[in-house]
2 protein chains.
Amino acid sequence: MTTITDVARAAGVSPATVSRVFNGGRVTPERAARVRRAAAELGFEPNRVAQSLRKQRGSVIGLLIPDIENPFFTSLARGVEDAAQQTGLSVVLCNTDENVDKERRYLGIALAEQMAGVIVAAASRVGTDLSPLAARGMPVVAVDRRPKGASVDAVLVDNQHGGEAATEHLLRSRYRRVACVTGPEGASTSEERLAGYRAAIRDALADGTLPSDGPDDLLTAYVRHADFRVGGGRSAMADLLAMERPPDAAFVANNLMTVGALEALRAAGRTPPGFGVLSFGGVPWAGLVRPSLTTVELPSYELGFTAATLLQERIAGSAKPLQTVVLRTGLSVRDSTAGPGARLPAAALE
Amino acid sequence: MTTITDVARAAGVSPATVSRVFNGGRVTPERAARVRRAAAELGFEPNRVAQSLRKQRGSVIGLLIPDIENPFFTSLARGVEDAAQQTGLSVVLCNTDENVDKERRYLGIALAEQMAGVIVAAASRVGTDLSPLAARGMPVVAVDRRPKGASVDAVLVDNQHGGEAATEHLLRSRYRRVACVTGPEGASTSEERLAGYRAAIRDALADGTLPSDGPDDLLTAYVRHADFRVGGGRSAMADLLAMERPPDAAFVANNLMTVGALEALRAAGRTPPGFGVLSFGGVPWAGLVRPSLTTVELPSYELGFTAATLLQERIAGSAKPLQTVVLRTGLSVRDSTAGPGARLPAAALE
DNA sequence: CTGAAAGCGCTAACAA
DNA sequence: TTGTTAGCGCTTTCAG
């Protein structure tokens with residue numbers, strides 16, 4: 001391995017000068033050129049480990065996500081990676097598997113590896129403890145979910161708005177018994193999406209769009225909590241369909257549960273758009289699904305990109321007050337919410 | 001930050017003793033206990049950066065994959081991660097985007113970060129150069145694809161066998177004009193899968209399963225090279241369908257291209273199993289696709305797990321001769337290859 | 001602008 | 001078994 005000392009010797013200067021050349025110190029152009037030439041000839045690459053030890057700060061940032069198989073998080077990861085490139089930081093991807101213990105281990109590694117900073121989509125709102133990092137002055141940005149009581153920058157999705165827009169769309173499409181399959185109780189994302197649903201329903205009751213008889217039904221009876229996974233979505237939907245007066249549409253609060261919900265619908269012989277289905281978050285290769293699925297579009301890439309940008313500011317020493325950035329969702333209207341009586345052209349179904 | 005010296009002072013021993021306690025050196029139980037207690041009280045965690053610098057070897061392994069959004073690679077990544085846990089190594093996931101330059105950059109980082117080793121699914125068979133790592137004695141395992149001329153351990157899929165089994169299955173299902181949409185020319189995976197296809201066709205011609213008139217058609221005319229991406233699969237299939245005498249089934253050499261191929265079929269008003277479709281590699285949430293898709297199952301998780309195990313042996317200093325492990329594929333028969341005249345029960349289509 | 005020197009936290013010879 | 005010592009490769013005062 002060629003070291004800074006080898007280069008120094010070859011260029012006839014001191015190691016300090018070589019270091020300055022590579023770190024923007026003041027060096028006369030002539031000597032700088034000599035150093036660069038020597039470095040190139042010897043194939044010198046600064047040893048990042050030594051740099052990290054000396055500077056007490058590494059050049060990688062940790063990205064902790066709960067599920068690497070969820071396309072939402074892979075897309076987020078790409079955003080982080082792209083933003084990190086700009087500063088020459090590399091990204092270590094750690095898959096916490098929605099598991100607080102695994103997450104804690106990775107946070108420990110982040111510390112022990114002296115990472116430059118950490119971006120974390122917390123495995124749990126209450127179980128995730130970011131304080132050891134804060135205590136050691138390591139910059140942290142929370143993304144998608146904000147752990148309770150953590151004083152860190154955060155980049156979040158406007159879940160409530162997304163849930164509201166979704167539910168409003170279903171009502172506008174003339175569905176009248178709109179259910180909501182949301183995530184686990186206590187998860188901020190589920191609660192917020194549910195809150196959006198409730199707000200939309202409440203508004204519709206208030207302005208007469210929905211008949212006011214049995215308002216309880218719509219605000220509570222048609223709500224199911226599940227686990228954000230395929231199986232949970234399936235059982236929740238099966239449960240809804242078994243009701244005496246089942247819903248005629250559902251807002252499903254994440255992509256995986258939507259897959260399960262569609263399976264349950266199919267098993268019951270009901271299909272969109274006769275039964276309206278709206279997914280919070282797209283499914284991969286949505287093009288294959290017939291009829292095509294109306295979805296709330298999440299800014300996953302931007303979430304990652306923004307978080308990484310914020311983190312880099314902190315790493316660079318920014319002392320701004322803590323920020324929370326909230327990114328808006330979009331709505332992609334497709335066939336699965338065409339309306340309870342809609343007839344789709346054959347091409348949309350085959 | 002508490003260092004080994006702090007612990008040593010608190011326990012009334014030398015730093016070396018503390019180091020021994022944490023690295024399995026010989027220390028009297030009594031002193032060891034004292035050290036551990038002190039370490040716990042002070043919340044000591046060994047500084048991995050300093051360890052790496054001193055030992056000239058880090059405790060992370062790099063995993064370079066071409067496409068983090070492909071479920072095949074995420075599953076492989078999980079296998080690597082699980083295997084790595086056993087030795088306490090962490091995994092840095094690097095997404096090379098099928099881009100040789102990006103890949104080279106990451107390989108440089110692996111060196112500069114003194115990673116313990118690297119597992120690489122090469123972006124290119126000829127463009128990927130692993131020699132700098134070999135030159136510096138860094139253990140490398142190639143996975144899924146083996147770069148040309150690299151003398152490294154490798155864990156591969158039996159692509160040829162998979163392609164052969166797939167094609168045989170289509171023929172057995174009474175399809176007679178079986179096409180093959182394979183990957184880019186020059187990629188070992190595409191060539192091998194294609195070779196399997198050709199072998200099966202040749203056998204069928206030889207034993208009379210296929211009429212021997214126009215053998216050229218089957219061996220060459222029905223073959224298309226595409227780019228392993230959705231768009232490529234779509235155009236290749238469109239091209240096949242536009243032939244004067246189009247195929248009645250296709251073996252598609254990866255999951256993404258299958259998605260495209262299905263889109264092209266749908267656009268042409270043809271659907272499986274009337275037109276047989278067999279995908280090399282499963283699609284995520286396959287349960288949503290109707291009719292359900294027959295696939296060659298890839299041992300992606302095992303690929304990763306095996307590669308990581310091999311790598312760890314090398315890291316531990318194993319001097320065995322170079323190994324190549326080849327893992328077999330499976331075949332999951334579903335509805336999309338039920339036969340050209342098959343009538344599926346309604347439930348399979350709705 | 002440049003070089004000498006100190007030291008980041010840890011481990012591995014070597015001595016005791 | 002234990003402690004002392006000498007660095008791993010780099011950056012950063014501090015003099016010059």
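Quick note on labels: first sequence line is chain A, next is B, and so on, each numbered from 1.
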Nucleotide nearest [X] (side chain, heavy atoms from C-beta), chosen from [options]:
X       : options                : answer
B:Ser14 : D:dG3, D:dT11, D:dG9   : D:dG3
A:Gln51 : C:dG9, C:dG3, D:dT11   : D:dT11
B:Thr28 : D:dG3, D:dT1, C:dG3    : D:dT1
A:Leu53 : C:dC8, C:dT2, D:dT2    : C:dC8
B:Ala16 : C:dA12, D:dC10, C:dG3  : C:dA12
A:Arg31 : D:dT11, D:dC10, C:dT2  : C:dT2
A:Arg54 : C:dC8, D:dG3, C:dT2    : C:dC8
A:Arg20 : C:dA12, D:dT13, D:dC10 : D:dT13

For DNA chain D, whose closest nucleotide is more 5', that of B:Pro15 or that of A:Ile4?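 It is B:Pro15 whose nearest nucleotide is closer to the 5' end.
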
Check the distance between [N]'s [atom2] and [X]'s [atom1] and give it to me in whole angstrom.
X       : N      : atom1 : atom2 : answer
B:Arg9  : D:dT4  : CZ    : P     : 13 Å
B:Arg26 : C:dA12 : CZ    : P     : 15 Å
B:Asn47 : C:dC8  : CG    : P     : 12 Å
A:Asn23 : D:dG9  : CG    : C1'   : 13 Å
A:Glu45 : D:dC10 : CD    : C1'   : 15 Å
B:Arg57 : D:dG9  : CZ    : P     : 15 Å
A:Lys55 : D:dT13 : NZ    : C1'   : 16 Å
A:Met1  : D:dC8  : CE    : P     : 11 Å

Heavy atoms under 4.0 Å, any strand shown: does [X] hit a base, just sugar-phosphate, or nothing?
X       : result
A:Val27 : sugar-phosphate
A:Val13 : sugar-phosphate
B:Phe44 : sugar-phosphate

For [N], take OP1 and OP2 only and decide whether either is under 4.0 Å from a side-chain N or O of [X].
X        : N     : answer
A:Thr3   : D:dG9 : no
B:Gln56  : D:dG9 : yes
B:Gln114 : D:dG9 : no
B:Thr17  : D:dG3 : yes

Is the shortest distance from a Lys or Arg side-chain nitrogen in B:Arg145 or B:Glu98 to a carboxylate oxygen in the other one below 4.0 Å?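 Looking at B:Arg145 and B:Glu98, the cut-off is met.
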
Identify whether the distance between the nearest side-chain nitrogen and carboxylate oxygen of A:Glu30 and A:Arg34 falls below 4.0 Å. yes

Whether the B:Arg136 and B:Gln114 side chains hold a donor-acceptor pair (N or O, under 3.5 Å, no angle test) is what I'd like checked.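 The criterion, which ignores hydrogens and geometry beyond distance, is not satisfied for B:Gln114 and B:Arg136.
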
Apply side chain to side chain contact (heavy atoms under 4.5 Å, CB included) to the pair B:Leu107 and B:Leu130, showing each step before the final yes or no. CA-CA 8 Å; B:Leu107 289 171; B:Leu130 265 19; 4.0 Å; yes

Tell me if the CZ atom of B:Arg105 is crowded by more than 12 foreign heavy atoms within 6.0 Å. yes

Which residue pairs pass the ring-ring contact (aromatic ring centres under 6.0 Å, His included) test with at least one member in residues 3-50 of chain A, sequence neighbours excluded? A:Phe22-A:Phe44

